[in-house]
Amino acid sequence: MAPPTTRLVSSIDLKKKPWQQNPPLHNRWHPHILHVATVNTGHVFRVEMVDWTGGAIRDDDSPLDVKSIDLSTVHYLSGPIRIVDDDGIPAKPGDLLAVEICNLGPLPGDEWGFTATFDRENGGGFLTDHFPCATKAIWYFEGIYAHSPQIPGVRFPGLTHPGIIGTAPSMELLNIWNERERDIEENGVKSFKLCEVLHTRPLANLPSTNGCLLGKVEKGSSEWERIAKEAARTIPGRENGGNCDIKNLSRGAKVYLPVFVEGANLSTGDMHFSQGDGEVSFCGAIEMSGFLELKCEIIRGGMKEYLTPMGPTPLHVNPIFEIGPVEPRFSEWLVFEGISVDESGRQHYLDASVAYKRAVLNAIDYISKFGYSKEQVYLLLSCIPCEGRISGIVDAPNAVATLAIPTAIFDQDIRPKNNKVPVGPRLMRKPDVFKCTYDGNLPITKNPMPHHDSY
């Protein structure tokens with residue numbers, strides 16, 4: 001007998017705002033956000049999602065929407081979904097929820113996405129000290145392939161995936177999150193700067209009622225006010241999974257999520273058509289609306305059986321996942337290395353972030369020799385299916401990171417060769433990405449080594 005038709009448990013009307021959707025969306029983590037549906041294990045169900053901005057970024061030629069975006073609203077999630085077994089017994093704290101991604105893709109009629117960099121004063125990013133301006137590129141989908149009018153000469157297959165998938169925290173876990181993130185926000189500025197060579201971005205994003213959306217909890221009620229002041233932002237990945245931006249969570253993958261509340265309360269969103277490892281521009285995947293078709297199983301007592309806490313409580317665990325069998329296939333790669341020495345020449349001790357930054361900067365500078373602006377390359381490295389690695393983390397003092405780029409995505413050969421690339425004034429591949437001005441006055445990192453066309 002054929003399996004039953006996939007059940008739609010969360011639908012999206014692209015003509016409506018996130019707060020107008022039925023069932024309603026949410027953009028915070030909290031155990032008291034009400035579930036919108038109940039699903040039995042073993043049944044395939046479909047979840048539809050808006051893009052992470054809820055339609056705030058438009059398919060047009062202006063990057064002003066990126067520059068002025070209200071980041072208090074991110075990310076809009078579909079769910080929570082309560083999971084029960086065939087006897088009607090819900091997932092329990094201490095269980096593992098095995099979530100299989102059966103199918104996924106863009107919403108029909110909305111087959112486009114965007115990649116962007118935030119303004120340095122409103123979000124910033126991994127290389128915000130080098131790229132302070134808001135930029136935007138639009139991508140269009142042709143089946144499994146993406147292309148952008150703003151970055152010509154590039155076409156590649158996407159490894160589509162949800163940037164966010166996770167279970168609801170318990171109150172105990174939520175309090176742990178808020179306490180440790182408040183501590184780094186209040187005290188970390190004395191010692192924490194990303195790579196120590198970047199402008200200090202927000203060290204954490206604490207609970208805030210601004211931009212808060214809590215699903216079926218009625219705004220203005222005393223319950224809404226209480227939850228909004230406690231609920232965790234969705235920006236970082238945590239013990240519950242959440243915003244881990246793992247590009248391999250695609251068709252056929254299975255993720256094993258710890259369960260902290262009765263029913264698990266599974267939520268998902270932030271769909272990506274494609275993403276490179278690290279999502280280095282911060283708004284760096286090809287962001288889109290989309291759908292997931294999922295199937296869940298409950299592994300009773302699985303947290304204790306399979307997950308070892310790396311912290312002071314049994315809640316300090318992290319998900320594990322299986323990579324699915326379907327992904328783009330490339331045979332030739334150009335790999336860029338980076339070491340933990342920053343642009344000023346300062347030595348850092350086994351700092352993988354500095355090393356990866358160097359690898360990304362090396363790749364940007366190299367590919368720009370082939371007619372691309374550095375902004376175009378920065379966006380590319382965020383969204384193409386490139387592979388980032390920590391290649392060395394033991395050989396003091398230098399961590400070594402690598403970034404591997406599939407050469408087949410370009411319409412020209414980008415490998416080093418004897419017949420050199422054009423020198424002198426280079427022909428830019430027009431048009432460029434859409435770009436705002438930077439109106440702040442924070443210092444910009446410049447490579448102190450003067451650029452030479454020849455040596």
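For clarity, every value in this text was computed on a predicted model and none was experimentally measured. Residue numbers start at 1 and run along the sequence shown.
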Atom OG1 of T268 and atom CG of L249: how far apart are they, to the nearest 0.5 Å? 9.5 Å
Tightest non-hydrogen contact, residues P169 and H30, listed as CD-N, 4.0 Å
Is any side-chain heavy atom of F260 less than 4.5 Å from a side-chain heavy atom of L174? no
Can you say whether the rings of H26 and W29 are parallel (under 30°), tilted (30 to 60°) or perpendicular (over 60°)? perpendicular
May I ask you to say whether R182 pairs ionically with E185, meaning some side-chain N is under 4.0 Å from a carboxylate O? no
Electrostatic pair E239-R180, nearest N-O below 4.0 angstrom: yes
Between T313 (side chain only) and L315 (backbone N and O only), is there a donor and an acceptor less than 3.5 Å apart? yes
Test: R7 cationic atom under 6.0 Å from F45 six-membered ring centre, within 45° of axis: no
Would you check if D51 and M271 make a side-chain contact, meaning some heavy-atom pair closer than 4.5 Å? no
With a 4.0 Å cut-off, would you call R251 and E327 a salt bridge? no
Taking 4.0 angstrom as the limit, do R28 and E230 come out as a salt bridge? no
Would you say S373 and D432 are linked by a side-chain donor-acceptor pair, where the criterion is simply a distance under 3.5 Å? yes
Could you please spell out the steps behind the side chain to side chain contact (heavy atoms under 4.5 Å, CB included) verdict for I138 and Q150? CA-CA 7 Å; I138 302 298; Q150 289 77 55; 3.6 Å; yes
In terms of the angle between their ring planes, are F118 and F282 parallel, tilted or perpendicular, with boundaries placed at 30° and 60°? perpendicular
Over 60° means perpendicular and under 30° means parallel, so tell me whether Y356 and F126 are parallel, tilted or perpendicular. tilted
Can you establish whether the number of heavy atoms outside D86 located under 6.0 Å from its atom CG is more than 12? yes
Do side-chain atoms of E48 reach the backbone of I12 as a donor and acceptor pair under 3.5 angstrom? yes
Nearest 0.5 Å, please: how far is CH2 in W224 from CD1 in I33? 11.0 Å
Return yes if some donor-acceptor pair links the side-chain N/O of Y372 with the main-chain N/O of P152 below 3.5 Å, else return no. yes
Against the six-membered ring of W177, is R238 placed for a cation-pi contact (under 6.0 Å from the centre, within 45° of the normal)? yes
Keeping D245 on the side-chain end and I164 on the backbone end, is there a donor-acceptor pair under 3.5 Å? no
So, do L203 and E186 sit near enough that their side-chain heavy atoms are less than 4.5 Å apart? no
Are any side-chain N or O atoms of S382 and backbone N or O atoms of S281, one a donor and one an acceptor, separated by less than 3.5 Å? yes
Using a strict 4.0 Å threshold on nitrogen-to-oxygen distance, state whether D60 and K136 make a salt bridge. yes
Residue pair T115 / C283, side-chain heavy-atom distance below 4.5 Å: no
Looking at E111 and G109, would you say the former's side chain and the latter's main chain have a donor-acceptor pair under 3.5 Å? yes
Look at atom NZ of K229 and say whether more than 12 heavy atoms of other residues, nucleotides or ligands are closer to it than 6.0 Å. no
Checking T41 against D85: is there a side-chain donor and acceptor pair closer than 3.5 Å? no
Assess the residue pair I69 and N122 against the criterion (side chain to side chain contact (heavy atoms under 4.5 Å, CB included)); give the C-alpha distance rounded to whole Å, side-chain angles, the decisive distance to 0.1 Å, and a yes or no. CA-CA 8 Å; I69 188 169; N122 187 33; 3.9 Å; yes
I299 side chain near D95 side chain, heavy-atom distance below 4.5 Å: no
Can you classify the ring geometry of H272 versus H161 as parallel (below 30°), tilted (30 to 60°) or perpendicular (above 60°)? perpendicular
Verify the distance criterion only: is there a donor paired with an acceptor across the side chains of S391 and T402 at less than 3.5 Å? yes
Heavy-atom side-chain contact between V9 and V39 under 4.5 Å: yes
Counting only heavy atoms not in I390, do more than 12 sit closer than 6.0 Å to its CD1 atom? no
Between V66 and C436, does a side chain to side chain contact (heavy atoms under 4.5 Å, CB included) hold up when you go through it step by step? CA-CA 9 Å; V66 176; C436 287; over 6 Å; no
Would you say the rings of W139 and F156 are close, in the sense that their centroids are separated by under 6.0 Å? yes
Give the minimum heavy-atom separation between T445 and E343, together with the two atoms involved. CG2-OE2, 3.9 Å
Heavy-atom pair with the smallest gap, counting every atom of E223 and R226: OE2-NH2, 2.9 Å
In short, I393 meets A399 closest at the heavy-atom pair CD1-CB, 4.0 Å
Value rounded to 0.5 Å, distance of CD1 in I83 from NE2 in H35: 10.0 Å
Flag the pair C133 / D119 as yes when at least one side-chain heavy-atom distance between them is below 4.5 Å, and no otherwise. no
Between N27 (side chain) and T73 (backbone), is there a donor-acceptor pair under 3.5 Å? yes
Any donor-acceptor pair under 3.5 Å linking the side chain of E279 with the backbone of G284? yes
Test item: S274 side-chain N/O and G158 main-chain N/O as donor-acceptor pair under 3.5 Å: no
Between T135 and T117, do the side chains contain an N or O donor and an N or O acceptor separated by less than 3.5 Å? yes
Take D129 and K357 through the test salt bridge (Lys or Arg N to Asp or Glu O under 4.0 Å) and record every step on the way to the result. CA-CA 11 Å; D129 57 328; K357 186 187 183 199; 3.0 Å; yes
I need the minimum non-hydrogen distance between L381 and C386, along with the two atoms involved. O-SG, 3.4 Å
Under the side chain to side chain contact (heavy atoms under 4.5 Å, CB included) criterion, do V47 and F291 qualify, and how do the steps go? CA-CA 6 Å; V47 180; F291 73 91; over 6 Å; no
Correct closest heavy-atom pair for M303 and V259 would be SD-O, 3.3 Å
Run the salt-bridge test on D13 and K15 with the 4.0 Å N-O cut-off and return the result as yes or no. no
When you measure from the side chain of Y378 to the backbone N and O of V280, does any donor-acceptor pair fall under 3.5 Å? yes
The reported gap from CD in E100 to NZ in K295 (rounded to nearest 0.5 angstrom) is 5.0 Å
Measure the spacing between OG of S368 and CD1 of I364 and express it to the nearest 0.5 Å. 8.5 Å
Presence of salt bridge, D342 and R358, under 4.0 angstrom: no
Using distance alone, with no hydrogens and no angle criterion, decide if Y76 and Q21 have a side-chain donor and acceptor under 3.5 Å apart. no
Has Y306 got more than 12 heavy atoms of other residues, nucleotides or ligands less than 6.0 Å from its OH? no
Can you confirm whether N265 sits close enough to P31 that some side-chain heavy atom of one is under 4.5 Å from a side-chain heavy atom of the other? no
